Protein chains: 2
Amino acid sequence: MTADGRLSWRAVRDRIHARILSGHYAPGDRLPRDADIADTLGCARSTVQRAMQDLSDSGIVERRRKGGTRVRPDPVTRATFEIPVTRREVEAKGGRYGYQLIRRALEETPRTIAATLEIGAPERMLRVEALHLSDGRPFMLEDRWISTATAPEILDVDLSVESANEWLVVNRPYSRCDVRFSAEAAGEREAELLGCAPGSALFVIDRTTWIGTRPITTVKAATAPGYELLTRTPGDQGAM
Amino acid sequence: MTADGRLSWRAVRDRIHARILSGHYAPGDRLPRDADIADTLGCARSTVQRAMQDLSDSGIVERRRKGGTRVRPDPVTRATFEIPVTRREVEAKGGRYGYQLIRRALEETPRTIAATLEIGAPERMLRVEALHLSDGRPFMLEDRWISTATAPEILDVDLSVESANEWLVVNRPYSRCDVRFSAEAAGEREAELLGCAPGSALFVIDRTTWIGTRPITTVKAATAPGYELLTRTPGDQGAM
DNA sequence: TAGTGGTCTAGACCACCGG
DNA sequence: CGGTGGTCTAGACCACTAT
């Protein structure tokens, strides 16, 4: 509710949501038209529209022109995660950030990497391996390929000082990003670098970014044992 | 653009985004007021507002009353994942779904579970262990606690036929959901049930749901080796 | 306190798609 | 083709917060 007696779109949303939760509208049911809901509640149609859009974004209802609005018959859990720059992530967890360059080389991408980056043929790119530390202990090991065609300046960056992660995030904003989570057993090399036993279960984040259709970078980040990723809740302004 | 010469909010968004990508507006920079952008582009302020809201939701800009709109100085990757009902997930991957109840018992929750569910004291709840199968092979092992106070009807459900996962999703929509991803080594028991070697790296999804402040269920789902979770992209209507 | 984003309204027209 | 959601506009007022 706003200060006067008008309904806010959040109030409308909550009201409709409550009716769904209570079973008044069951999965698969069709809801009244926006205009009718607006009339019933005594607010503008655009207010209902906003509320509905939020419910739709949350995966609670499905909306189709002419088909109307239906309670989603097959609910899904929709969760949003935030992956900050690694330095910030370490600091946010109360650690002192450290960084260590392990390897830097120009190499031809394997076919798998070329496919991931959606380029037709393998290409010579900058490959960077680096370790992020928290309080001096290994936190995350990244194995990265950077397109020197898309980001040639990276060749002049002293990656022993500034991480590619940080440089790219500031200097090569992306327009598209694919993320993949998985679990993987630590290999010999990873185990040694991450300071854990070989075979330890590692949480792995694969990320690939593009600017337009041009690939920027793809990185496999293996986190030290114990890493967790939580849904973003604080503030939650993003519920919209 | 709409059919006539008017700018759509997406067009406005892309235009502003392009200026950020090109470095015209750098991280930390303040953008013009919505009203000025509207004047410049020749559209209504609310159109700019919509565009800005999308950029804000995507974590690209930050907006504050009086403070104006700024390019987020510290970009984050924001990724949304969808976790469907397990049966649907198996089927979507082209598998034949199977299900097997392993254990069903009334037990007192350990303190950790009580804390997760945000209830003050341990409580007697229904504990269910079950295995989801894909083409007859183990796909996901779930260990679940269900509040019999919030969902007493679950006691009458034949969980050897219908999975708690499915029943709850249809009969107990939630108003809040916490999700946590992690990697974990398979224990003896898990390994046997999932048909993998002990110590295998498993992708684990912890989920807890509430209706209002009342806990519904908390579940730890350990997936068979090889499981991956991808950002939801298709259609992408949810970019908003 | 003044400036900026946030929201509501009322009305119009468009785009999509189910019957 | 007709019904429904999607979007744009123009204007008003509110809410937050930087200065």
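Proteins get letters first, then strands, A, B, ... in listed order; numbering begins at 1 in each. Please read all numbers here as calculations on a predicted model, not as lab measurements.
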(request) Kindly write out the residues that satisfy salt bridge (Lys or Arg N to Asp or Glu O under 4.0 Å) with B:Arg70, not counting sequence neighbours, or none if the list is empty. (result) none
(message) Taking side chain to side chain donor-acceptor pair (under 3.5 Å) as the definition, give me every residue that meets it alongside A:Asp29, ordered by chain and number, with sequence neighbours left out.
(response) none
(message) Restricting to side chain to side chain donor-acceptor pair (under 3.5 Å), what partner residues turn up for B:Arg144, sequence neighbours left out?
(response) B:Glu142, B:Thr217
(request) Answer yes or no: are there more than 12 heavy-atom neighbours, outside B:Arg88 itself, under 6.0 Å from its atom CZ? (result) no
(request) Rounding to 10 degrees, work out the angle separating the end axes of the helix from C:dT1-D:dA18 to C:dG18-D:dC1 (five pairs an end). (result) 20°
(message) So, using salt bridge (Lys or Arg N to Asp or Glu O under 4.0 Å) as the criterion, who are the partners of B:Asp36 when residues are at least two apart?
(response) B:Arg33
(request) Take the protein atom CD1 of B:Ile37 and the nucleotide atom P of D:dC8, then report the distance between them rounded to whole Å. (result) 15 Å
(message) Checking contacts here: which listed nucleotide (C:dC8, C:dG5, D:dG6) is nearest the side-chain heavy atoms of A:Gln49?
(response) D:dG6
(request) Measure the distance from CZ on B:Arg63 to P on D:dA15 and round it to the nearest whole Å. (result) 18 Å
(message) Between C1' on D:dA15 and CH2 on A:Trp9, what's the gap in Å once rounded to a whole number?
(response) 16 Å
(request) Report the distance from atom CD of A:Glu62 to atom P of C:dC17, rounded to the nearest whole Å. (result) 13 Å
(message) With a 4.0 Å cutoff (strictly under), does any side-chain N or O of B:Gln53 reach OP1 or OP2 of C:dT7?
(response) yes
(request) Could you tell me the separation between the CZ atom of A:Arg50 and the C1' atom of D:dT7, rounded to a whole number of Å? (result) 13 Å
(message) So, using side chain to side chain donor-acceptor pair (under 3.5 Å) as the criterion, who are the partners of B:Ser182 when residues are at least two apart?
(response) none
(request) Using whole Å, report how far CG of A:Asp54 lies from P of C:dT7. (result) 11 Å
(message) Suppose we screen for side-chain contact (heavy atoms from CB on, under 4.5 Å). Which residues come up paired with B:Leu230, at least two apart in sequence or across chains?
(response) A:Arg180, B:Glu228
(request) Would you please say whether a donor-acceptor pair under 3.5 Å links the side chains of B:Thr77 and A:Arg207? (result) yes
All N/O pairs under 3.5 Å across the protein-nucleotides 9-11 of chain D interface:
{"residue": "D:dT9", "atom": "OP2", "partner": "B:Ala44", "partner atom": "N", "Å": "2.8"}
{"residue": "D:dT9", "atom": "OP2", "partner": "B:Thr47", "partner atom": "OG1", "Å": "2.4"}

(request) Check the distance between D:dT17's C1' and B:Arg70's CZ and give it to me in whole angstrom. (result) 13 Å
Give every pair of a protein N or O atom and an N or O atom of nucleotides 1-4 of chain D that lie under 3.5 Å apart, one pair per line with the distance.
{"residue": "D:dG3", "atom": "O4'", "partner": "A:Lys66", "partner atom": "NZ", "Å": "3.3"}
{"residue": "D:dT4", "atom": "OP2", "partner": "A:Arg33", "partner atom": "NE", "Å": "3.3"}
{"residue": "D:dT4", "atom": "O2", "partner": "A:Lys66", "partner atom": "N", "Å": "3.3"}

(request) Would you please name every residue forming a salt bridge (Lys or Arg N to Asp or Glu O under 4.0 Å) with A:Lys93, sequence neighbours left out? (result) A:Glu89
Which donor-acceptor pairs under 3.5 Å do the side chains of residues 16-24 of chain A make with protein atoms, sequence neighbours left out?
{"residue": "A:Arg19", "atom": "NH1", "partner": "A:His24", "partner atom": "NE2", "Å": "3.2"}
{"residue": "A:Ser22", "atom": "OG", "partner": "A:Ala18", "partner atom": "O", "Å": "3.4"}
{"residue": "A:Ser22", "atom": "OG", "partner": "A:Arg19", "partner atom": "O", "Å": "3.1"}
{"residue": "A:Ser22", "atom": "OG", "partner": "A:His24", "partner atom": "N", "Å": "3.3"}

(request) Identify, with sequence neighbours excluded, every residue that meets salt bridge (Lys or Arg N to Asp or Glu O under 4.0 Å) alongside B:Asp39. (result) none
